2 protein chains.
Amino acid sequence: MQSRISYRNLPQLFLKAREELICHFRPILNHFGLTEQQWRILRVLSEREQLEPWEICDICQILSPSLAGVLARMDDLGVISRSRVPEDQRRVIVRLSPRGSELVEEIAPLIQAQYRKLEEALGRELIDELYSVLDKVITGPHAPVERITLPARSPAPATPTEKRKRVPRSAARTAAKQ
Amino acid sequence: MQSRISYRNLPQLFLKAREELICHFRPILNHFGLTEQQWRILRVLSEREQLEPWEICDICQILSPSLAGVLARMDDLGVISRSRVPEDQRRVIVRLSPRGSELVEEIAPLIQAQYRKLEEALGRELIDELYSVLDKVITGPHAPVERITLPARSPAPATPTEKRKRVPRSAARTAAKQ
DNA sequence: AGAAGATCACTTCGATGTTAGGGAGTCAAC
DNA sequence: GTTGACTCCCTAACATCGAAGTGATCTTCT
């Protein structure tokens, strides 16, 4: 009944599997007006007391440009506070605000509960297997992946001046009516 | 040297693991001016001859709103063609254009080559294990995941009228200079 | 036939991902 | 002390994500 990918595509499968898990938590976060990224950051901050932006980028898998906006919004919401490092005016310290701490205290148990339901459904074995395999891919002592050499080629000539094409409604049926 | 996530967070790990893989392919696609999504679509179209948007959404893990834009741009680039289904004017048929076919023929071997390098580095076992585990999560006959009940609560009162906060540069050091 | 309901592609809006580049601060060499 | 290289955070521009909703078309029931 459902379509299936015929060729093997790992990144694709990762995406699908991840969605299969995250979809059970998203409603909880949405309920509190938070996004996935915002929650990741709150969660990490609740454990590390204070972090610098580059650390958050690394831990939470968020690129620096994205993080800038995310932190600004979270600051607007009043769940975090940002301040400069006195010794190095380039650097920034991010902390949880009191309100942010409350929010974590309120949400964390719910996430935890949902996680248990998930664990229950998937089975302890599968969960353990998942952690194991993912760890191997991420931190694994596998040999460095070689990079193939790309053939010289001019990148696709984008035609930005053209007007966006649309799918015309075929006149067949309309014509038939008349 | 690198920070590590202390608490176990599966979606997080999925993201990181996926990035660990995709980063080896992204340069290839960028070289040809393609995005990941565009390539996924091209790849699938090269195997299925013709597809409807909802099928592409399902197979490629792309939401309908995103797909609309992606297909439009690909149409602009001339790598696909879109047409209506005569019997049902709501539906659309997406096909590969000749130029799109050429592009797939050109890129596919490169992706294939890089994939072999990856397989080589990670090891056949790990790759197999990955497919196995991911399949279990996605299609697995695991019990349905229960959903916890959310406590009644008004969502976070966003304050969109406020002006975006910035991190002030502390005056400490400047003051000390004087 | 006609109205209500279901489908499908598309649009809208706010937030995030990606890539490229800018501004300020730090450090070392001159 | 000034220049140049570097680092860190940030902005800009564009594409995608995720939720919600629209319009047109098809289906079903009356």
Side-chain angles (χ1 to χ4, degrees), chain A residues 15 18-19 22-23 26-27 29-31 33-41 52-58 60-77 82-94 155 158 160 164-170 173-174 177, chain B residues 15 18-19 22-23 26-27 29-30 33-38 40-41 51-58 60-77 82-94 155 158 160 164-170 172-174 177:
Chain A
L15 216 54
R18 177 185 142 83
E19 179 60 27
I22 200 78
C23 69
R26 217 197 306 275
L29 300 181
N30 285 345
H31 182 69
L34 292 179
T35 66
E36 289 173 41
Q37 290 80 351
Q38 292 176 341
W39 171 244
R40 271 185 267 165
I41 295 172
E52 296 185 30
W54 69 268
E55 294 178 297
I56 299 180
C57 287
D58 184 41
C60 296
Q61 295 296 136
I62 299 176
L63 293 181
S64 174
S66 303
L67 187 66
V70 176
L71 287 185
R73 275 180 287 271
M74 290 176 76
D75 199 338
D76 288 349
L77 286 175
R82 290 176 294 173
S83 56
R84 296 275 177 185
V85 175
E87 305 82 53
D88 188 339
Q89 291 289 305
R90 294 172 301 181
R91 294 158 63 197
V92 171
I93 294 291
V94 182
R164 174 62 48 88
K165 286 180 191 170
R166 286 170 182 260
V167 193
R169 307 206 172 260
S170 95
R173 195 151 177 83
T174 312
K177 278 186 178 176
Chain B
L15 215 54
R18 177 186 141 86
E19 180 59 28
I22 200 80
C23 69
R26 217 195 305 275
L29 300 181
N30 285 345
L34 292 179
T35 66
E36 291 173 40
Q37 290 83 349
Q38 290 176 341
R40 271 185 268 165
I41 294 172
L51 287 170
E52 297 184 31
W54 69 269
E55 292 178 298
I56 299 179
C57 287
D58 183 40
C60 297
Q61 294 292 296
I62 299 175
L63 292 182
S64 175
S66 305
L67 187 66
V70 175
L71 287 185
R73 275 180 289 272
M74 292 177 76
D75 200 338
D76 288 351
L77 287 174
R82 290 177 292 174
S83 57
R84 295 276 176 184
V85 175
E87 305 83 53
D88 190 337
Q89 292 288 305
R90 293 173 305 181
R91 294 157 65 195
V92 170
I93 293 291
V94 183
R164 173 65 46 90
K165 285 180 189 170
R166 287 169 183 262
V167 193
R169 310 209 171 261
S170 108
R173 195 155 178 81
T174 312
K177 278 185 178 176

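Basis for what follows: all heavy atoms, side chains included, without hydrogens, waters or symmetry-related copies. Within every chain, numbering begins at 1; the chains are lettered A, B, ... in the order of the sequence lines, protein sequences first and strands thereafter. Quick caveat: nothing in here was measured; it's all calculated off a predicted structure.
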Checklist entry - In Å and rounded to the nearest 0.5 Å, what is the CG to CD1 distance from B:L15 to B:I22? => result 11.5 Å

Checklist entry - Does the pair B:R90/B:E52 count as a salt bridge with the N-to-O cut at 4.0 Å? => result no

Next on the checklist: Is the phosphate of C:dT16 approached by A:S66 (side-chain N or O, under 4.0 Å from OP1 or OP2)?
Outcome noted: no

Checklist outcome for this item: On DNA chain C, more 5' by nearest nucleotide between A:Q37 and A:P65 is A:Q37

Item to check | Distance, rounded to the nearest Å, where A:W39 contributes CH2 and C:dT16 contributes P | outcome: 16 Å

Checklist entry - D:dC14 C1' sits how many Å from B:Q38 CD, rounded? => result 12 Å

Item to check | Below 4.0 Å: OP1/OP2 of D:dG18 and any side-chain N or O of A:T35 | outcome: no

Checklist entry - Nearest-Å distance, CG (A:L34) to P (C:dA15)? => result 12 Å

Item to check | Check: B:C60 main-chain N/O paired with B:R40 side-chain donor or acceptor under 3.5 Å | outcome: yes

Checklist entry - Between B:R84 (side chain) and B:Q89 (backbone), is there a donor-acceptor pair under 3.5 Å? => result yes

Item to check | Min side-chain heavy-atom separation A:E36-A:R26 under 4.5 Å | outcome: yes

Checklist outcome for this item: The reported gap from OG1 in A:T35 to CD1 in A:I41 (rounded to nearest 0.5 angstrom) is 7.5 Å

Checklist outcome for this item: Regarding the side chain of A:E19, the nearest nucleotide among C:dA15, D:dC10, D:dG18 is D:dG18

Checklist entry - Between D:dA19 and A:N30, is there an OP1 or OP2 to side-chain N/O distance shorter than 4.0 Å? => result yes

Which atoms of nucleotides 7-9 of chain D (N or O only) lie under 3.5 Å from a protein N or O atom, and what are those distances?
unit_1 : atom_1 : unit_2 : atom_2 : d
D:dT7  : O2     : A:R90  : NH1    : 2.9

Checklist outcome for this item: Taking D:dA19, C:dT18, C:dG25 as options, the one with an atom nearest any side-chain atom of A:R26 is D:dA19

Checklist entry - B:I62 near the nucleic acid: base, sugar-phosphate alone, or nothing, with a heavy-atom cut-off under 4.0 Å? => result sugar-phosphate

Checklist entry - Counting just side-chain N and O atoms, does B:R82 come under 4.0 Å of either OP1 or OP2 of C:dC10? => result yes

Checklist entry - Rounded to the nearest 0.5 Å, what separation is found between the CD atom of A:Q61 and the CD1 atom of A:I56? => result 13.5 Å

